[in-house]
Amino acid sequence: MWYLTAEEEAHAAEALSSGGFFAEWAGVMLVLPFVAFLLIVFFGKRMRRHGAEFAIGALAVNLVWSSVLFFQNAVEGIHREVSWVVGEIGVFGGDRLVFELGWVVDGLSIMMFWLVSFVGLLVFVYAVGYMHGDVRVTAFFAAFSLFAGAMLVLVGAPNLVQLIIGWEGVGLASYLLIGHYWEDLDNVRAANKAFLVNKVADVGLILGAVVLGFTLGTFRFSELSVAAFDHSPELAGVAVAAGLLLFFGAMGKSAQFPLHIWLPDAMAGPTPVSALMHAATMVTAGVYLMGRAFPLFEYLASDTRGLMVAIGAITLFAAGLLALVQDDIKKVLAYSTVSQLGYMMTAVAAGGYTAGLFHLFTHAFFKALLFLGAGAVIHAVHSNNMSDMGGLRHYMPRTHWTFVVGSLSLAGIFPLAGFWSKDEILATLGYEGYTTVMWIGIAGAFVTAFYMARAVALTFWGSYKGHGHPHEAPAVMTVPLIGLAIPSIFAGFLNVPGVELGPIRNFTAWLGARVVPMGDHHAESVDWALAAVGLAAALTGLVLGWLVFSPDADTQRARDRFRIPVLYPLLEAKYFLDHIAWAIVNATKGPLARLVDWTNSYVIDGVVNAAGFLSAALARFVYGGLDQRGIDLAYNGLSQMADAAGMAARRLQTGRVQQYAAGFVVGALVLVLMIAVFR
Amino acid sequence: MSFSDWISQPVNWVFLGLALAVLAAGFRVVTSQNVVHAALFLVATLAGVAGLFVLLSAEFVAWVLVLVYIGAVVVLFLFGIMITRAPTGQDVGLDNRRARPVAAVVSLGLFGVLSWTSVRAFQDTAVAGVGERTPTDILGEALLGRFVFPFEVVGFVLLAALIGGITLARRDLTPKEEEERGAV
Amino acid sequence: MILPQFLILAAALFSLGVYGLLVRRNAVMVLLAVELMLAAVNINLVAFEAALRTSQAVGQVFAIFVITVAAAEVGIGLAIVLMIFRNRQSANVDEFDLMKW
Amino acid sequence: MIADLLSNFWVLLAVKVLIVAALIPVAGLVVGFAELKLSAKMQSRVGPYFAGGRWGWAQLLADGIKFFQKEDIVPENADRPVFKIAPALVLMGAVALWVVIPWGPGLVFRDLDVGIFYALAISSISTIGVLMAGWASANKYSLIGGLRAAGQLIAYELPLVLAVVGVVIMAGTMSLEGIVRAQAGWFGEGGPGLPFVIPQFVGFVIFMIAALAELTRIPFDMPIAESELVMGYLTEYSGFRFLFFFLAEFSNMFALSAIAATAFLGGYWMPGLTESQLTFAGPLILVAKVMVLVFLMIWFRWTFPRLREDQLQTLAWKWLIPIALVNIVATGILKVVI
């Protein structure tokens, strides 16, 4: 076990470097994708690659920048916070509650900067090939750049308000990109579903932000952390409520049971979108939020842990089961993502800050790799369904091998990245006393290995079941696959417990570069026994999956048609969650609407009508009695007089100039005579 | 000054002759039933007025009147009349017959009032004769000295009238005509 | 020579002009009548100048101004009449009564 | 005795009128005969030959007598009074010009203060006569001719007047006598003098062109262009009324040339002659100068083709008037500088 000494606690923040130029101006990274967005919007259509140049350029700069930060942080640890006050939200107890924008540069945000830039860059490059010939390439890259910018704003946010801005920004980009092929009504529905489910969760996030902001008088994470670390009394009063609200918000974005229902449908978007947003980065925002607010949960709101761990555990296992029955390869991966997010959430909730975020880190590589591989396959066979694939290893060897690497990594096979991060989570759960959950995690590892074995077998082994002649993806797509396969293999070594990699310290140390110590629970050495159990479960799953699905096309078809009673229909129907959601909506919307309607019709309208009737009666009296019979009579009389006078006078205006002239001369004469006579 | 004193001055005979000619011609201007005749009678009237100016020692003004009016304005009138319509012989409908009595009364009344006031106001005031004519250089110095600003304004008015007249009277060319013009 | 003889002549000429102005239907004839009135005014100006003998011959200067402005007036007036004639095939003043109620 | 008689205003007036009345036909005859013979020379013809014995000198006299004998025809639809007055009016304008032409020092019928201005004003009266003639003939050729003439005369009156303004500025007077004196005394009393044609050459050219146009002579004879309008406003005239026009043209030609000679060529003045010598030699000198200008006009007649109506107007409004205005400005500046 690893605990902070008192001295370390006191000086944790002071010991950190301020990071120099690159940390001071890290905001450039936040702005560049927006610049790219604008450039794409205005000039994208004129460019040879329809604006992809701008998006890739921005992320390439960001990757260099964040890499510098990454190594600075790895060597010495950085904490730097830059905020500008741009407005005032209100006055709270004599303190100004200000609206700030800026960036925080510390272990967590640097990890996310680098992750978003690295995976994002590779996915963007991949998308150039994948989206070639699409009708709306420019719109696609514009929205993609918008996403990158919003995501960086989110992860760089020094306060909750900016985080919410980024949070909604990525939600918007997600909505746009899920609905990219809006010609198909189903895609529009999927986009709407994702948006609405996220909105439901966002209510929790916003309420949590309000509670925290008005309790502390600030929205800054650093002050929240300090207050939590100091066990601030006023924060302690609202900690549980605020923690639950924030967790509810995280559940939506990170697709935790039962709010995960939007994520599989979100696969309607182009595959690069699924890879970057709905697997590697955006959906981890919830986990990131939990990590960002970790001191709150660690020091004050620890009572909420049981619920959070439970929800994470349910998510990881239930979603894994759902992945077993999907025919759509992207949905397999989507449920896998939900399952892995469950792992992360469980770990963070249980107190495994490093464990959860390390899994986020490694998962980003191999899940993006798997999605891109799936995209290459879909690109080749023009179908999402595994029943149309099979035997593709002969046609697309590079895709096959990288996909296998990703699958093994995801399944947690030693010594790939997924093994280390998953083992870390299981170890943390064990240390924290969530033994049951730990066993659920091990079972989940089995399930994971099983469905990945199924996916690989159905897609790449056996014989081809689809139409046409699939061929290997172009280099612009396979190079990113290889680029992601490498960290999928090696990233795990960054965080082998108790191992320091020379000047580049352990991942735990990087991530711990925060304003206050995390109070993280972390193993000092590998628990080989537990690792062996987890590995055994994974290998069992692999072998079993292989035996069931590998041999040939006919067997595959037969096995796939085999339906386990009760369980299969339940999974097929996705636990009836969509039905339940519909039922809830349908059941509540009627009475609720009727209640509102009744209130509106009888209470509000009654008051309004009463006032109206009174006014009308008064007005009728004024109109009928005073106005019509009194005033109008006088005015009508006056106007009729004026009218008559005008009618009489207008005969004078004949339009004949000569008559006017005559009148003029006569008038002059009369005047002269008058002067002569009366002088 | 009695009438006999007045009539005994030879210059007044000249005046009387010119005045009668002016009035007779002026009368024909407003009563003639032929447009061209009316304009020509205006020439006669103005010639008489020019003669009166010479009598009144205003030689330069007289020749200005001849040059501008007879030489240009009336020619312009005749030009305009002849371009639009100029039948020889009587032209019916030149006058608004019903307006004649009213107009006669009004103009007679005007004449009465004006002459009555003139006589009452100026009685026997003498005027300079032919021999005391105003040297032209005085006029020139007045025009370009004290009255230079009104002089410029009048010049501007003339320019404006020139442009306005051209703008009003020109016929818009048809596209074909414009093309021909452009081709020249 | 005395001043009133010129003034009465001018008055008579002016009255003739007024008569023509009121009686004539043809716009060109109306303009001619206006010229008569202007000539009468010029007689007055020159006669007053001859009677008063201002140092700078102000009356004659103004007579010249009147003549000049009258020339401008004729130019514009004839242009307008021509325009109207072209548009309405008539130059009768009593038919231009559009500017009434 | 004679001096006494001449001192009476009315007698002097009668004498002067008589002299002018005699001079005009003579001048007309001389110019007309010159035109006949010069035209013939330029066309390699003999010209009038038989009348009067030698050179046909009596040709125009014979013509005149013939015109007087002819019947005075007035067209049926003509406006008789106007038709009859028109030639007289035209001739009157020509005659009135002679009043201000100085023939020698003091040899002038009336040295008006505004002499040259008077001349130009009076010469514009003939425009009315031409219009009257054209309109009253009740003939479309005549009317068109009259209108052409009116448009032409109005257009060229402006350059005519403006061309003279330069001379007036230089001389500092509008009196023709004064202008001659100014030219004679330009370099002081008894000096060589300076005919204004030298400093005012532009004005002289413009004046001559405008004068040709005022006279409706070739190349500006569209109002009476035979090939287009028969004879223009002269078509319906015959007998002595035609003679009036004829006479007016040649008289005008002489008078305008005289004014040009006076304004630009020094008039009766010639360098080297004293005032008393000029009293006798003046008329001869002036006539000599006038005949040079008349010869020029006749020469032009057989040199230039007839202009088109729009070319005529373009020449006046777009060339002569702007140039004349520039000339005036330049002269004014010159005057101020000197």
Side-chain angles (χ1 to χ4, degrees), chain B residues 1 11-12 15 19 22-23 26-27 29-30 35 38-39 42 46 49 52-53 56-58 61 64-65 68 73 76 80-81 84 93-96 99-100 103-104 106-107 110-111 114-115 118-119 122 124-129 134 138-139 142-143 146-147 150 154 157-158 161 164-165 168-169, chain C residues 1-20 22-26 28-29 31-33 35-36 39 42-43 46-47 49-51 53 56-58 60-61 63-65 67-76 78-83 85-86 91-92 94:
Chain B
M1 187 186 272
V11 71
N12 283 338
F15 168 78
V22 164
L23 287 181
F27 186 72
V29 169
V30 294
V35 190
L42 182 67
L46 293 168
V49 172
L52 285 172
F53 285 175
L56 282 169
S57 76
V61 184
V64 167
L65 194 72
V68 174
V73 169
L76 209 60
I81 293 165
T84 51
L94 271 184
D95 278 12
N96 189 354
R100 272 184 188 166
V106 167
S107 54
L110 185 68
F111 172 66
L114 284 179
S115 46
S118 306
V119 171
F122 295 105
D124 287 344
T125 313
V127 297
T134 313
I138 287 187
L139 266 181
L143 269 178
R146 184 174 164 193
F147 294 106
V154 165
V157 167
L158 274 176
L168 278 174
Chain C
M1 290 192 296
I2 55 173
L3 186 53
Q5 71 192 58
F6 292 97
L7 299 187
I8 290 168
L9 172 63
L13 203 56
F14 193 83
S15 303
L16 281 173
V18 168
Y19 175 79
L22 299 185
V23 158
R24 292 301 202 183
R25 293 178 67 210
N26 188 306
V28 178
M29 306 309 286
L31 281 176
L32 284 182
E35 295 307 317
L36 277 188
N42 280 338
I43 292 176
V46 173
E49 165 61 29
R53 293 312 242 176
Q56 286 183 305
V58 179
Q60 295 186 18
V61 169
I64 290 170
F65 284 157
I67 290 168
T68 323
V69 173
E73 169 245 319
V74 169
I76 286 287
L78 275 177
I80 292 172
V81 171
L82 219 67
M83 189 81 181
F85 186 82
R86 201 180 285 151
N92 286 348
D94 54 357

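For the numbers below, each heavy atom of this structure counts, side chains included, while hydrogens, waters and symmetry mates do not. Quantities reported herein were computed from a predicted structural model and do not represent experimental measurements. Convention: sequence-line order gives letters A, B, ...; per-chain numbering from 1.
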*Separation of B:Leu65 CG from C:Ile43 CD1 (nearest 0.5 Å)*: 9.0 Å
_Proximal component of B:Val106, with respect to chain C [non-hydrogen, under 4.5 Å]_ = side chain
_Nearest atoms (heavy-atom pairs only) where B:Val29 meets C:Arg24_ = O-NH2, 2.7 Å
*Test item: C:Gln5 and B:Asn12 side chains (from C-beta on) under 4.5 Å apart, heavy atoms*: yes
*Contact class of C:Leu78 relative to chain B, heavy atoms under 4.5 angstrom*: side chain
*Go through the steps for B:Leu23 and C:Leu9 under the test side chain to side chain contact (heavy atoms under 4.5 Å, CB included), then give the verdict.*
CA-CA 8 Å; B:Leu23 287 181; C:Leu9 172 63; 3.6 Å; yes
*Report the option among B:Leu139, B:Val22, B:Leu143, B:Leu52 that has the most heavy-atom pairs separated by less than 4.5 Å from atoms of chain C.*
B:Leu139
*Do B:Val154 and C:Val69 touch side chain to side chain, with heavy atoms closer than 4.5 Å?*
yes
*Can the ring centres of C:Tyr19 and B:Phe27 be said to be less than 6.0 Å apart?*
no
*Please look at B:Phe147 and chain C and tell me whether the side chain, the backbone, both or neither of the residue comes under 4.5 angstrom of a heavy atom of that chain.*
both
*State the CG-CZ distance between B:Leu114 and C:Phe14, to the nearest 0.5 angstrom.*
7.0 Å
_Heavy-atom pairs under 4.5 Å with chain B: which of C:Gly20, C:Ala10, C:Ala11 has the most?_
C:Ala11
*Heavy-atom side-chain contact between C:Ile67 and B:Val73 under 4.5 Å*: no
*Can you find a pair of side-chain heavy atoms, one from B:Phe111 and one from C:Leu16, that are under 4.5 Å apart?*
no
*asked:* On a heavy-atom basis, which atom in B:Ala161 and which in C:Ile76 lie closest, and how many Å separate them?
replied: O-CD1, 3.5 Å
_Exercise: identify the closest heavy-atom pair between B:Ala58 and C:Gln60_ = CB-NE2, 3.3 Å
*Can you tell which of C:Val23, C:Leu36, C:Val18 makes a side chain to side chain contact (heavy atoms under 4.5 Å, CB included) with B:Val30?*
C:Leu36
*Taking all non-hydrogen atoms of both residues into account, name the closest pair between B:Leu46 and C:Ala39 and its distance.*
CD2-CB, 4.0 Å
